[in-house]
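Throughout, a chain's letter reflects where its sequence line sits, starting with A, and its residues are numbered from 1. Quantities reported herein were computed from a predicted structural model and do not represent experimental measurements. Basis for what follows: all heavy atoms, side chains included, without hydrogens, waters or symmetry-related copies.
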4 protein chains.
Amino acid sequence: MSKENISAREGDTTDSVIATPPEKALRADAQKNRDKLLDVAHRVFRTEGISVSMDEIARRAGVGVGTVYRHFPTKEDLFGAVIVSHKARLIEEANQLLDHDDPGDAFFYYFARIIREGIANKAITDAIVSSLNINTGRSEVARNFWRGIDNLLARAQHSGSVRADARIEDIKVLLIGILQATGESGNFPDRVVSILIDGLRG
Amino acid sequence: MSKENISAREGDTTDSVIATPPEKALRADAQKNRDKLLDVAHRVFRTEGISVSMDEIARRAGVGVGTVYRHFPTKEDLFGAVIVSHKARLIEEANQLLDHDDPGDAFFYYFARIIREGIANKAITDAIVSSLNINTGRSEVARNFWRGIDNLLARAQHSGSVRADARIEDIKVLLIGILQATGESGNFPDRVVSILIDGLRG
Amino acid sequence: MSKENISAREGDTTDSVIATPPEKALRADAQKNRDKLLDVAHRVFRTEGISVSMDEIARRAGVGVGTVYRHFPTKEDLFGAVIVSHKARLIEEANQLLDHDDPGDAFFYYFARIIREGIANKAITDAIVSSLNINTGRSEVARNFWRGIDNLLARAQHSGSVRADARIEDIKVLLIGILQATGESGNFPDRVVSILIDGLRG
Amino acid sequence: MSKENISAREGDTTDSVIATPPEKALRADAQKNRDKLLDVAHRVFRTEGISVSMDEIARRAGVGVGTVYRHFPTKEDLFGAVIVSHKARLIEEANQLLDHDDPGDAFFYYFARIIREGIANKAITDAIVSSLNINTGRSEVARNFWRGIDNLLARAQHSGSVRADARIEDIKVLLIGILQATGESGNFPDRVVSILIDGLRG
DNA sequence: TATGAATGAGTTTTCATTCAT
DNA sequence: AATGAATGAAAACTCATTCAT
């Protein structure tokens, strides 16, 4: 598997999916704060894990805690929002990969892609990991995220590149597992990914 | 991989290694409390993870916190004690598997075995996970645990049953990953294990 | 020794040094709480010593423990704050006494002054006592405090009013000793001070 | 002041006064435990201060905590007992000094003697220090201890060697003060004692 | 009588969440 | 709307004292 034979969209960060806030439109300054908070939360959750205090997040975002709570009534909500924004980006990428010539390459590339993203950004790992819990998908985005992979998987299986018995749940487990296990190191685990992909081949 | 062609010791729980309490013999009542505490800690760590408070453990064991601390001076100590008893059992099993006829079967069986144990007991998962971080192995038991797998791995690679480029670190990542990923479900992830094992074959 | 021939500032409590709160201006309510806390801590440390719990201080101040910790992240910090305010006042006074006409009177007055302060406030005693142990002076304030006395001592010795062999360490011991010994009583020990001063005369 | 011109009884440790336990006669083994406990408590209070736990004392004495509490119903009681045994020895010495030729020497020697003892043995310091609190003397021994000094003081004042206005309370404060202040150092504070004695001269 | 296991209130400190300014 | 001060329920751990063995 190589991502070279794929029209890679490395820096593609069109947040079109995130842009839609839950409720009504926010005032400009409120939206700015919300973005700032998500941005800070991303960085902070990535480096420190979910254990950072809300005060710390508020401090780094340069706002009061009250403001954090205005936007995210619960710490879990903030964390969830971080998850969502990351997933949105990846969902888009999955959709584009559906058009790729080689279904096997597309799937394996995406599989490795997610791991790569997660390694480089603990927030994504957290996002994916926690999306297991919200399993059936409390959020639309979480559902879409896994559906994106599922589509690539189905196509790859249909083409015979991926073993027929693999299910999306298994992919979930593999991804979540490897992401959590390598989360701290920061290095892409080539051999391990290679093992997983070989195990997945049809 | 099939565990059937192995003199399986599924229920084998000979705790010969664990049975030896650290110090001298305890008074009857103290021993009863210590056992009760370990028992409660097992169950509680398994279901709720290590986040349970010592007060909660004391409450469920029907003793005062002071008693918990008399037996286990630190929460880490209590957690460690729970872990050690499990690991000790697994280590013993690994050593016995070194004598098995088919090195490949032995390794793959043990690989699955650990996952099975971890699935059944969150404490084991936590233990294995934390032993990765302390990498070189602060504790003798942790070192022995990984050494046991490494021995089986080397033998299986030598016989050609496992791919030559796999290293013990990769096995760690795979185990830790899958254990964390499936920890909540409680079911043995047959297909996922099959994928991993296929990916590991020589 | 007589403090009468000195422009005595018995009640002089110009807190010019203390008056400046550490950081920025606090919100009205926060400042009120901070003041209340310092006030309570003063009284409580004075009467009960530093063994009082933070909960107790919070309770007496009519605030939650969290509030105490917001203002003083550590018990030591709270204690330190109480102390600093007292020492700051005494340091200033020592500096002013350096200008006094009679070096002997100045020294003896200050010597008695400190005792008087310590008698009236157990926190000061504790502070002075603890500043002995940290000998070289962990805190700037502690160093300045003793330097203030040392300056007065040197001047008095040079003028022949105080025995030449006395060293600042001796003064420390005498002050600390008498403060601790009379701490509980609450009365100024006239005769004892007189004895000490006679023993110190040149 | 010199102790050389006095028939010094440096090692004199006849505990005749202590030997009388509060209640009835104890069984031999019980008495042995009581002695052991006092011995340990002496050493331990001296070096660690009153903050040592009862468990620690029991451990060092090689008995169970229960035994400690059988002999001393309260930690305070144990501490009190330590105090008493030390005072008893000093009381005897004071009584013998009443026969000394030079009343001034006798008093000053005893004064220094107590300091010396206290410096060498924090338990004594604690004993004397805490006897201030039990002021009027909850215990007979405490009363006798101070009466011993008072007798020496009166005789010295009558002979004109000690200033007439000094009272036993002042001596208390001076002793307690210097003992507490130099307690940690372990060195006899020559200059400070010299200052005190000069201040006390008639 | 001795032992040491058990107790549990109390200690310092943290942090998600609420609410007055 | 934003702020950040206040809250108080934990959490881990200690230790004087009691009591079953």
Q: Establish whether the base of F/dA2 is bridged to the side chain of A/Arg70 by a donor-acceptor pair shorter than 3.5 Å.
A: no
Q: Scan B/Arg43, B/Lys36, B/His42 and name whichever one has a side chain to side chain donor-acceptor pair (under 3.5 Å) with B/Asp39.
A: B/Arg43
Measure from [atom1] on [X] to [atom2] on [N] and round the result to the nearest Å.
X: C/Ile57; N: E/dT13; atom1: CD1; atom2: C1'; result: 14 Å
X: C/Arg59; N: E/dT12; atom1: CZ; atom2: P; result: 14 Å
X: D/Asp77; N: F/dT17; atom1: CG; atom2: C1'; result: 13 Å
X: A/Asp55; N: E/dC15; atom1: CG; atom2: P; result: 9 Å
X: B/Tyr69; N: F/dC13; atom1: OH; atom2: C1'; result: 5 Å
X: B/Glu56; N: F/dA12; atom1: CD; atom2: P; result: 11 Å
X: B/His71; N: F/dC13; atom1: NE2; atom2: C1'; result: 16 Å
X: B/Met54; N: E/dT7; atom1: CE; atom2: P; result: 14 Å

Q) Hey, is the main chain of B/Asp77 close enough, under 3.5 Å, to the side chain of B/Thr74 for a donor-acceptor pair? A)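 Between the backbone of B/Asp77 and the side chain of B/Thr74 there is no qualifying donor-acceptor contact (under 3.5 Å).
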(Q) Please compare B/Val68 and C/Lys75 by the position of their nearest nucleotide in DNA chain E and report the one closer to 5'. (A) B/Val68
**Q.** Position toward the 5' end of DNA chain F (nearest nucleotide), A/Gly64 or C/Gly64
**A.**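 Nearest nucleotide further toward 5': that of A/Gly64.
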Q.
Heavy-atom nearest nucleotide on DNA chain F for D/Pro73 versus C/Gly66: which residue maps closer to 5'?
A.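 Looking at the nearest nucleotide for each, C/Gly66 comes out on the 5' side.
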Q) Taking both distances under 3.5 Å as the test for a Watson-Crick or G-U pair, what stems of at least three pairs does DNA chain F have? A)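 Ordered by first number, the stems with DNA chain F (at least 3 consecutive pairs each) read E:2-21 with F:2-21.
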(Q) Within the 4.5 Å heavy-atom criterion, are C/Ile57 and C/Lys75 side-chain neighbours or not? (A) no
Q.
For a 4.5 angstrom cut-off between non-hydrogen side-chain atoms, does A/Arg59 reach A/Val65?
A.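 No, every pair of side-chain atoms sits at 4.5 Å or beyond.
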[N] phosphate, OP1 or OP2, under 4.0 Å from [X] side-chain N/O:
X: B/Ser53; N: F/dA10; answer: no
X: D/Asn33; N: E/dA2; answer: yes
X: B/Thr67; N: E/dA5; answer: no

**Q.** side chain to side chain contact (heavy atoms under 4.5 Å, CB included) between A/Val40 and A/Phe45, intermediate numbers included
**A.** CA-CA 8 Å; A/Val40 164; A/Phe45 281 145; over 6 Å; no
**Q.** Contacts of type side chain to side chain contact (heavy atoms under 4.5 Å, CB included), residue D/Asn33, not counting sequence neighbours
**A.**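 Only D/Val63, D/Thr67, D/His71 meet the side chain to side chain contact (heavy atoms under 4.5 Å, CB included) criterion with D/Asn33.
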Q: May I ask you to say what C/Val63 touches in the nucleic acid, namely base, sugar-phosphate or nothing, with a heavy-atom cut-off under 4.0 Å?
A: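 Counting heavy atoms under 4.0 Å across all strands, the contact made by C/Val63 is with sugar-phosphate only.
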Q.
Quick check for you: to the nearest 0.5 Å, what is the distance between C/Phe72 atom CZ and C/Arg34 atom CZ?
A. 4.0 Å
